[in-house]
Structure formats: C-alpha cells, structure tokens
Enquirer: 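Attaching a single structure in structure tokens format; questions to follow.
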Amino acid sequence: MHYHCRPSWMIKENQVTDESLFLNRRKVLAGMGIGAGLALTAGAATALPAESSFAQPVGLNEVFGDAGRQVTDESISSSYNNFYEFGSSKGIQDEAQALKSDPWTVTIDGLVDAPFEISVDELISKIGVEERIYRHRCVEAWSMVVPWVGFPLAKLVEMAKPLSGAKFVRFQTFMDPSVASEQRASWYPWPYVEGLTMAEATNDLTLMVVGAYGKVLHKQFGAPMRLHTPWKFGFKSIKSIDRITFTDERPVGFWESLQDREYGFWANVNPEVPHPRWSQATERPLSGGDRIPTRLYNGYGEQVAGMYGDLPTEVGERFWR
Ligand SMILES: Nc1nc2c(c(=O)[nH]1)N[C@H]1C(S)=C(S)[C@@H](COP(=O)(O)O)O[C@H]1N2
Ligand SMILES: [Mo]
C-alpha cells in the first residue's frame, strides 16, 4: 500500500517536485472528501500540529469494539501528554515538534534469526494498517479513548523470526539529547525502555501505533511509532521506538528502574490494587465529566486474562512485580 508520511506542513504545494508524492497527496485529500484549502484551514483553526494522512483510507477493525465510551477529542488528547524526554509537564506538544520522525529506522536485534534495520514506512507498506479504538488508562488515574492507526505487533514479531530462546521483547525509545531536552538530565535512566513477554507481544490486542485520528502520529503521541497495550497502565505504551530486542531476560523498564515498588513489569490495570500512593479504583476521563470506575485489565480481560493464568496469584503479584 502507499503511505504518505511527510507532514503536510513540510510540503508547500509550490515546492513539490516529486510527481508521485504530489499525486499521492491529492489522492489523500480527495479520499477524505475535502479540498486542500479546506484541510489546511481546518488544521490551522484547531491549532494542531503536523497534519498528514495515510494514502488509503484506514479501515476500522470492529473486532476490538468502539471502547464503549466517547472518543476523546483530538485537541484534548494531543495537548495532554506524558513524554518525559521533552519535559515532565503534560504540555510538551510544542517541545516535541523538535523530534525528527521522518525518515525513521528501527533496529530489530537480539535473539533473532538475523538482526536487521527497517524503516517505519517499509513496515507500514509490508504489513498494512488498520484503525482500532482503544481505552488508555494512565497509572496517574486519568484516561482517554483514542482511535489509533497501526498494525498488530505480532506481525512484526513474525517478520523478526525470533529464536526459540526469546522470552521477552525489549523496546527502546530514541536517545538524542540535542532534540529531547530532558535527556540531558542525568538523574533519569535514559533511554526509555519497556518490555513485554512473547505472549503479550503476540497477543491480538497489542498494537504498534503509527497514527491516530486517521492521521500520521503527532510527535507528542510518540511519532513515528509507539506501542499500545490497552490492558496495561499507560507507561508500558512506549513512544518513538527505534530498537526492538528479543531477549531471554526480563527487561527492566524506565519507570521500574526508577521505582520498582510503584511501576512494576506487569502493570496490568486492576482497580483493586492501589498504587502505593493513591487508589486505582476510579479514573478521570480527559474528556471531562465525573470519574468512572476502573475495570480489571481496563475492560480487556476477555482478550488477555488467559495469559496470566500461571503467574503468582497473590494479589498484586500478577499486576505489579
Ligand atoms: N518514550 C516515552 N514513552 C512513554 C512515556 C514517556 O515519557 N516517554 N510516557 C508513558 C506514559 S506514562 C503514558 S500515560 C503514555 C502517554 O501517552 P500519550 O501522551 O499519547 O497520551 O505514554 C507512555 N510512553
Ligand atoms: Mo502514564
């Protein structure tokens, strides 16, 4: 499939020399049923950054439902972010624009048949993308619903040809202190790392995200490629991944290495296991309104509970350490 990944703000129509790119972009706009002028005006009016679309309309995969809740407005979810590389406040969207997310290459290595590098564009064109509406629950007890665009991580795992000794997948975020100001702060264990078991990585729900709201991923969402594991607390959903390593050792995540009593490896959402400093029983939807009850596995037990049957059953164990 064709994939148009260059943010439209980089393409002044009069600067476009590449014919195929130009045609491709026109097709995108035509497919969306809007004219270029209108699209650009709409982008400016909502003050959202980097509007660019997938060349083909992205179909919703209805198997994963509609989240049962109102989708969080893009203007809200894209201006309330956790991306500590760019600062510890929620308002890092301007700082995150410094990220150079195109082109972007990911290294696949560790316990695999043969290590390789692949661009995000190539992954997208080889695997294809779909839309999935997922709930997201941050460990800080706010939540949102986002229509992500991505592909099953299982497809990438298949492509990587892991060896039988591979038990975990370790993900790593880019490291570039010249772009990400907080990476100059030595008290944090940069780069950001997260990990999943092989079963988790190949679960149907586990999504490699390359877009949201029908568009190529905004930088503050973790462009050009981030993970989404909707049954786990948000910190597992690592952003701007540039290395994926298959390993026989359980990876130690960024937050886990800072404070393992609060941010454990499993991090499965459970309203009955409080964070050491606050309750996890309810959550605050970013879209406003009253707090709502938090659900076991964030409501995705049907898809994921089977993976945890033989873990320690003591309350807390399977959710934290
Ligand atoms: N590299 C990186 N990935 C990250 C984070 C981060 O600070 N750096 N924050 C995590 C946390 S705590 C959450 S809740 C989600 C937030 O995703 P969002 O900003 O798209 O809502 O990203 C996760 N992935
Ligand atoms: Mo989070």
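Counting convention: from 1, in listed order, for ligands and their atoms alike. We count residues from 1, following the sequence as given. What you see is a predicted model, and the numbers here were worked out from it, not measured in a lab.
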Enquirer: Can you confirm whether V157 sits close enough to M198 that some side-chain heavy atom of one is under 4.5 Å from a side-chain heavy atom of the other?
Expert: yes
Enquirer: Relative to Y263, does K236 satisfy both conditions: NZ or CZ under 6.0 angstrom from the six-membered ring centre, and within 45 degrees of the ring's axis?
Expert: no
Enquirer: Please say which of F86, Y80, W148 ends up in a ring pair (Phe, Tyr, Trp, His ring centres under 6.0 Å) with F221.
Expert: W148
Enquirer: Name the one of K90, Q97, Q93, E95 that satisfies side chain to side chain donor-acceptor pair (under 3.5 Å) with Q220?
Expert: Q97
Enquirer: Indicate whether any N or O donor in one side chain lies under 3.5 Å from an N or O acceptor in the other, for D121 and S119.
Expert: no
Enquirer: Using a 4.0 angstrom limit on heavy atoms, which residues are close to ligand 1?
Expert: N81, N82, F83, Y84, E85, H136, C138, W142, M144, T173, Y192, F221, R226, G234, F235, S237, I238, K239
Enquirer: Let me know which of T206, V209, L207 forms a side-chain contact (heavy atoms from CB on, under 4.5 Å) with L153.
Expert: T206
